[in-house]
Novice: 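Have a look at this one.
Numbering of residues begins at 1 and proceeds along the displayed sequence. If you're wondering where the values come from, they're calculated on a predicted model, not measured in any experiment.
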Amino acid sequence: MGWDGAVNAWHVAGGVYRMGRREWLTEAGWQQAFDDGIRTVVDLRNAAEARRRDTDPVVAKAAWEGMTVITAPTEEPGDPRFTAITGPYLNDPAFYADNARIFPDKLVGVFRALASAAGRGGVILHCAAGRDRSGMVAAMVQDLAGDTDRDIAEGYRRAARGINERYGTHGPPHDRERYLGDAELEPLLEQRGKAVVEFVRALDTRNYLLRNGLSFDELHAVLALCGAGVAR
């Protein structure tokens, strides 16, 4: 997506989009997103992460008037059950299944936020880099939308390439991330794309959400937002 300042911004399915930190958007970028029909932003970060940095553009609050921002984190920060597996944060699709197992209420909360946004316009999902938390939820959305394995794998790979390009031009945010050249990146993306598909197919998103408390009405609203069928 060509919204000014947006990093790693892509269409997912139906009325759902994804990107990196919303603080990267300029005022012009917010207007472009609004003009493209975006009316809701679902922030997958923990509340403490949602802050402006000195290098971010100065954006007046009026720039996103008409949009609703919903905080719906995918995990509980610092939970030792999770950090013992992932380290400080989620950065590999190999751990998506652990996220879903440990925090089903959090993921249901994300899809409840999507359900609440249905019918009002498009939705942007975002985390920090727009790669793994966004990638996990985007794969679930693509599963609901009926996308192919190839589409789901490529959705992850496209976003991982996007943030890697950002690291190449602006540098990574800390020493756990680094820019990767193609010789190292491409085999890693091949492996991780397959891992995303394995995660989402084993999960069975529709039944996972219903089993963990999403209502049929909420599911149907999400399916409509994703451009999918609504059969029970």
Novice: Where the side chain of Y96 meets the backbone of V200, is there a donor-acceptor pair that is under 3.5 Å apart?
Specialist: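 Answer holds: no.
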
Novice: Rounded to the nearest 0.5 Å, how far apart are CG of L44 and NZ of K106?
Specialist: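 Rounded to the nearest 0.5 Å, the CG-NZ separation comes out at 12.0 Å.
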
Novice: Side chains of P93 and D132: closer than 4.5 Å at any heavy-atom pair?
Specialist: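 Contact flag for P93/D132 side chains = yes.
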
Novice: Please check this pair: side chain of E49 against backbone of A128, looking for a donor-acceptor N/O pair closer than 3.5 Å.
Specialist: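 Such a contact is absent between E49 side chain and A128 backbone.
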
Novice: Taking atom types as modelled and ignoring hydrogens, do the side chains of W30 and D4 form a donor-acceptor contact shorter than 3.5 angstrom?
Specialist: no

Novice: Would you compute the distance between atom CD1 of I102 and atom CG of D79 and round it to the nearest 0.5 angstrom?
Specialist: 6.5 Å

Novice: Exactly one of V222, V42, I38, V41 should register a side chain to side chain contact (heavy atoms under 4.5 Å, CB included) with V123. Which one does?
Specialist: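 Considering V222, V42, I38, V41, a side chain to side chain contact (heavy atoms under 4.5 Å, CB included) with V123 is found only for V42.
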
Novice: Regarding D35 and Q31, do their side chains bring together a donor and an acceptor under 3.5 Å, going by distance alone?
Specialist: yes

Novice: Look only at the side chain of N99 and the backbone of T74, and say whether a donor-acceptor pair between them is shorter than 3.5 Å.
Specialist: yes

Novice: Let's go through V137 and Q142 carefully: what are the C-alpha distance in whole Å and the side-chain angles of both, what is the deciding distance for side-chain contact (heavy atoms from CB on, under 4.5 Å) to 0.1 Å, and is it a yes or a no?
Specialist: CA-CA 9 Å; V137 176; Q142 288 182 274; over 6 Å; no

Novice: Would a distance-only check, ignoring hydrogens and angles, find a side-chain to backbone donor-acceptor pair under 3.5 Å from T169 to R166?
Specialist: yes

Novice: Please name the pair of heavy atoms, one in A115 and one in E218, separated by the smallest distance, quoted to 0.1 Å.
Specialist: CB-O, 3.5 Å

Novice: Going through the checks in order, is the side-chain contact (heavy atoms from CB on, under 4.5 Å) test met by V16 and H11?
Specialist: CA-CA 6 Å; V16 182; H11 179 240; over 6 Å; no

Novice: Can you name the nearest heavy-atom pair linking L189 to A160, along with the distance?
Specialist: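 For L189 versus A160, the nearest heavy atoms are CD2-CB, 3.4 Å.
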
Novice: If you take all heavy atoms of F199 and A100, which pair is closest and at what distance?
Specialist: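 Nearest pair, atom of F199 first, then A100: CE1-CB, 4.1 Å.
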
Novice: Do V141 and F216 sit in one hydrophobic cluster, given that two such residues count as connected whenever their side-chain heavy atoms are within less than 4.5 Å of each other, even indirectly?
Specialist: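 Yes, V141 connects to F216 through the hydrophobic network.
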
Novice: Is E23 salt-bridged to R52, going by a charged N under 4.0 Å from an acidic O?
Specialist: no

Novice: Measure the spacing between CG of L185 and CG of N164 and express it to the nearest 0.5 Å.
Specialist: 5.0 Å

Novice: Supply the atom-to-atom distance L219 CG to L144 CG, rounded to the nearest 0.5 angstrom.
Specialist: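 Answer for the CG-CG pair, L219 versus L144, is 6.5 Å.
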
Novice: Strictly below 4.0 Å, N to O, side chains only: are D149 and K194 in salt-bridge contact?
Specialist: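 Salt bridge between D149 and K194, a charged N being under 4.0 Å from a carboxylate O: no.
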
Novice: Can you find a heavy atom in the side chain of I152 that is under 4.5 Å from one in the side chain of M140?
Specialist: no

Novice: Compare all side-chain heavy atoms of W3 with those of M19 and state whether any distance is below 4.5 angstrom.
Specialist: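 Touching, per the 4.5 Å side-chain cut-off.
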
Novice: So does E154 pair up with R161, basic N to acidic O under 4.0 Å?
Specialist: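 A salt bridge is present here (some side-chain N lies under 4.0 Å from a carboxylate O).
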
Novice: Any side-chain heavy atom of T40 within less than 4.5 Å of one from M67?
Specialist: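 Heavy-atom side-chain distance check fails, nothing below 4.5 Å.
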
Novice: State plainly whether the residues E76 and R81 are in salt-bridge range, i.e. N to O under 4.0 Å.
Specialist: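 Salt bridge: no.
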
Novice: Please report the shortest heavy-atom distance between V59 and A63, naming the atom on each side.
Specialist: CG1-CB, 3.4 Å

Novice: Drop me the distance from T26's OG1 to Q32's CD, to the nearest 0.5 angstrom.
Specialist: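 Separation between the atoms: 6.5 Å.
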
Novice: Under 4.5 Å between side-chain heavy atoms, hopping through other hydrophobics if needed: is there a path connecting L214 to L125?
Specialist: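 Shared cluster, yes.
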
Novice: Show the numbers, then the answer: is there a side-chain contact (heavy atoms from CB on, under 4.5 Å) between F34 and R39?
Specialist: CA-CA 7 Å; F34 186 87; R39 295 296 180 270; 3.3 Å; yes

Novice: Spell out, as yes or no, whether a donor-acceptor pair under 3.5 Å connects the side chain of R201 to the backbone of D143.
Specialist: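 No; judged by distance alone, with no hydrogens or angles, the pair does not exist.
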
Novice: If we ignore hydrogens and angles and just use 3.5 Å, is the side chain of R18 paired with the main-chain N or O of R131 as donor and acceptor?
Specialist: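 Checking the backbone N and O of R131 against the side chain of R18, a donor-acceptor pair under 3.5 Å is found.
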
Novice: Take R157 and E190 through the salt bridge (Lys or Arg N to Asp or Glu O under 4.0 Å) test and state the conclusion after the steps.
Specialist: CA-CA 8 Å; R157 292 171 184 147; E190 182 66 21; 3.7 Å; yes

Novice: Taking S116's backbone N and O only, do any of them form a donor-acceptor pair with R120's side chain (distance below 3.5 Å, no angle check)?
Specialist: yes

Novice: Considering all heavy atoms of both residues, which atom of A159 and which atom of N8 are nearest to each other, and what is their separation?
Specialist: O-ND2, 2.7 Å

Novice: Does this structure show an ion pair linking D56 with R53, if we count only N-O contacts that are shorter than 4.0 Å?
Specialist: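 No.
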
Novice: Check whether any side-chain heavy atom of Y156 lies under 4.5 Å from a side-chain heavy atom of R192, and answer yes or no.
Specialist: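 Yes, their side chains come closer than 4.5 Å.
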
Novice: With ring-ring contact (aromatic ring centres under 6.0 Å, His included) as the rule and sequence neighbours excluded, what pairs involving residues 102-148 come up?
Specialist: F82-F103

Novice: Is there a donor-acceptor pair under 3.5 Å between the side chain of R21 and the backbone N or O of C127?
Specialist: no

Novice: Tell me whether M136 is reachable from W10 by hopping between hydrophobic residues (I, L, V, M, F, W, Y) whose side-chain heavy atoms are closer than 4.5 Å.
Specialist: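 Per the 4.5 Å side-chain linkage, W10 and M136 are not co-clustered.
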
Novice: Ignoring hydrogens, what is the shortest heavy-atom contact between A118 and A221? Give both atom names and the distance.
Specialist: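 Distance-wise, the nearest heavy atoms are CB-O, 3.4 Å.
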
Novice: Applying the 4.5 Å side-chain criterion to the ILVMFWY set and letting contacts propagate, would Y208 and L225 be lumped into a single cluster?
Specialist: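 Looking at the clustering, L225 is in the same group as Y208.
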
Novice: Return the CG to CG distance between L203 and L209, rounded to the nearest 0.5 Å.
Specialist: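 Spacing of CG (L203) from CG (L209) equals 7.5 Å.
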
Novice: Counting C-beta onward and ignoring hydrogens, is there a side-chain heavy-atom pair between T71 and R45 closer than 4.5 Å?
Specialist: no

Novice: Check whether L114 and L210 end up in the same hydrophobic cluster, where Ile, Leu, Val, Met, Phe, Trp and Tyr are linked by side-chain heavy atoms less than 4.5 Å apart.
Specialist: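 Looking at the clustering, L210 is in the same group as L114.
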
Novice: So, R51 side chain and A48 main chain: donor-acceptor pair closer than 3.5 Å or not?
Specialist: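 Judged by distance alone, yes, a pair lies under 3.5 Å.
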
Novice: Would you please test L107 and N212 for side-chain contact (heavy atoms from CB on, under 4.5 Å) and show each step?
Specialist: CA-CA 9 Å; L107 290 181; N212 287 290; over 6 Å; no

Novice: Under 3.5 Å, is there a donor-acceptor pair between the side chain of Q191 and the main chain of L188?
Specialist: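 Here the side-chain-to-backbone pair does not exist.
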
